[in-house]
Number of protein chains: 2
Amino acid sequence: MGKEYLGEFEELILTMVGALQEDAYGAAITEEIETRLKREVNLSAVHVTLYRLEDKGYIKSKVGGATNERGGRRKRIYTITSGGLAMLRNMKEARLELWKMIPQLKMSGQ
Amino acid sequence: MGKEYLGEFEELILTMVGALQEDAYGAAITEEIETRLKREVNLSAVHVTLYRLEDKGYIKSKVGGATNERGGRRKRIYTITSGGLAMLRNMKEARLELWKMIPQLKMSGQ
DNA sequence: GAAAAAAATCTACAGTGCAAGAAAACGATG
DNA sequence: CATCGTTTTCTTGCACTGTAGATTTTTTTC
């Protein structure tokens with residue numbers, strides 16, 4: 001039955017999978033978060049979260065082809081499913097709704 | 001040192017405390033969530049979360065006056081602190097930033 | 001002062017966040 | 001072809017967050 005929301009970190013990782021498209025695999029996601037969001041993340045934290053998201057059906061994966069440059073294990077590429085996208089939409093809707101309730105939050109963004 | 005974000009449920013409860021102002025106590029928060037957000041919540045889940053938020057300094061509490069109608073223990077009224085408000089702002093900023101990264105999310109809201 | 005009401009508190013366990021370390025798969029190089 | 005450095009995934013374990021069940025406290029009414 002899956003709950004109607006995700007944890008904070010799960011939401012972040014799911015969003016990155018959607019954002020990175022064909023290039024969504026553990027290491028790249030980690031890097032992207034660190035450079036673009038200036039937030040420290042642990043690589044295995046990302047991996048574990050990817051497994052959990054896949055279990056829940058929000059993303060799916062396939063092992064990437066042999067397009068490696070200099071050694072290294074094959075990448076496991078993740079893509080967001082329609083269910084995953086729907087979940088992100090729901091969470092966004094819910095947040096926008098919530099924020100409306102608290103006037104002190106009005107500011108720059110939006 | 002407190003992390004730079006909260007869990008999903010903590011965020012919800014913190015927002016409700018901010019929204020309900022002088023009327024933020026366990027039972028009222030629970031009711032408000034059920035009626036306005038159509039989401040089932042357990043009363044003690046709310047209470048436990050309130051304690052944790054208070055521990056972290058995002059809300060503070062005082063026992064309410066004797067303005068009761070028909071029996072019942074005194075309410076513990078919670079109010080959001082400036083730290084709590086700042087946390088909500090940060091989380092909102094971060095989300096807006098995140099959503100920008102994933103075009104498939106563009107829609108109604110905002 | 002016993003019963004009923006309203007609310008808070010306690011206890012306990014599953015789910016999520018996170019990190020340290022191990023293992024796998026690959027290219028290069030002697 | 002053995003082994004070395006690389007790149008990346010996989011395993012394990014524990015602390016923190018989400019949630020429910022049952023209990024206790026405080027207060028009004030009869």
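This is a predicted model, so every value here is computed, not measured.
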Below 3.5 Å between N/O atoms, which protein atoms pair up with nucleotides 8-12 of chain C? Just atom names and distances, please.
{"residue": "C:dA8", "atom": "OP1", "partner": "B:Arg76", "partner atom": "N", "Å": "3.2"}
{"residue": "C:dA8", "atom": "OP2", "partner": "B:Ala27", "partner atom": "N", "Å": "3.4"}
{"residue": "C:dA8", "atom": "OP2", "partner": "B:His47", "partner atom": "NE2", "Å": "2.8"}
{"residue": "C:dA8", "atom": "O5'", "partner": "B:His47", "partner atom": "NE2", "Å": "3.4"}
{"residue": "C:dT9", "atom": "OP2", "partner": "B:Tyr51", "partner atom": "OH", "Å": "2.7"}
{"residue": "C:dT9", "atom": "O5'", "partner": "B:Tyr51", "partner atom": "OH", "Å": "3.2"}

Between [atom2] of [N] and [atom1] of [X], the distance in whole Å:
{"X": "A:Ile33", "N": "C:dC18", "atom1": "CD1", "atom2": "P", "value": "10 Å"}
{"X": "B:Asn42", "N": "C:dA14", "atom1": "CG", "atom2": "C1'", "value": "14 Å"}
{"X": "B:Leu53", "N": "D:dT19", "atom1": "CG", "atom2": "P", "value": "13 Å"}
{"X": "A:Asp55", "N": "C:dG17", "atom1": "CG", "atom2": "P", "value": "14 Å"}
{"X": "B:Glu40", "N": "D:dG21", "atom1": "CD", "atom2": "C1'", "value": "16 Å"}
{"X": "A:Met91", "N": "C:dT16", "atom1": "CE", "atom2": "P", "value": "11 Å"}

Practice item. Starting from B:Val48, walk the hydrophobic network (Ile, Leu, Val, Met, Phe, Trp, Tyr; side-chain heavy atoms closer than 4.5 Å) and list everyone else you reach, by chain and number. Key: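 Under the 4.5 Å side-chain rule, B:Val48 groups with nothing.
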
Check your understanding: If you link I, L, V, M, F, W and Y whenever their side-chain heavy atoms are under 4.5 Å apart, who else ends up in the same group as A:Ile77?
Key ->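 Members other than A:Ile77 - counting any ILVMFWY side chain reachable under 4.5 Å - are A:Tyr25.
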
[X]: which residues meet the side-chain contact (heavy atoms from CB on, under 4.5 Å) condition with it, sequence neighbours left out?
{"X": "B:Lys100", "answer": "B:Glu97"}
{"X": "A:Tyr51", "answer": "A:His47, A:Tyr78"}
{"X": "A:Ala86", "answer": "none"}
{"X": "A:Glu10", "answer": "A:Leu6, A:Thr49, A:Arg52, A:Leu53, A:Lys56"}

Check your understanding: Looking at residues at least two apart in the chain, or sitting in another chain, which of them share a salt bridge (charged side-chain N to carboxylate O under 4.0 Å, His left out) with A:Arg36?
Key ->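 If we apply the salt bridge (charged side-chain N to carboxylate O under 4.0 Å, His left out) test to A:Arg36, skipping adjacent residues, the hits are A:Glu32.
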
Practice item. Output the residues of residues 6-23 of chain B in contact with DNA chain C, where contact means a heavy atom of the residue under 4.0 Å from an atom of the strand; sort by number or write none. Key: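 Residues of residues 6-23 of chain B under 4.0 Å from DNA chain C: none.
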
Exercise for review: Look at the side-chain N and O atoms of A:Tyr5 and state whether any lies under 4.0 Å from the OP1 or OP2 oxygen of D:dT19.
Suggested key: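 A:Tyr5 to D:dT19 OP1/OP2: side-chain N or O found under 4.0 Å.
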
Review point. B:Arg76 side chain to B:Gly26 main-chain N or O, any donor-acceptor pair under 3.5 Å?
Key: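 The answer is no, because no donor-acceptor pair under 3.5 Å joins these two groups.
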
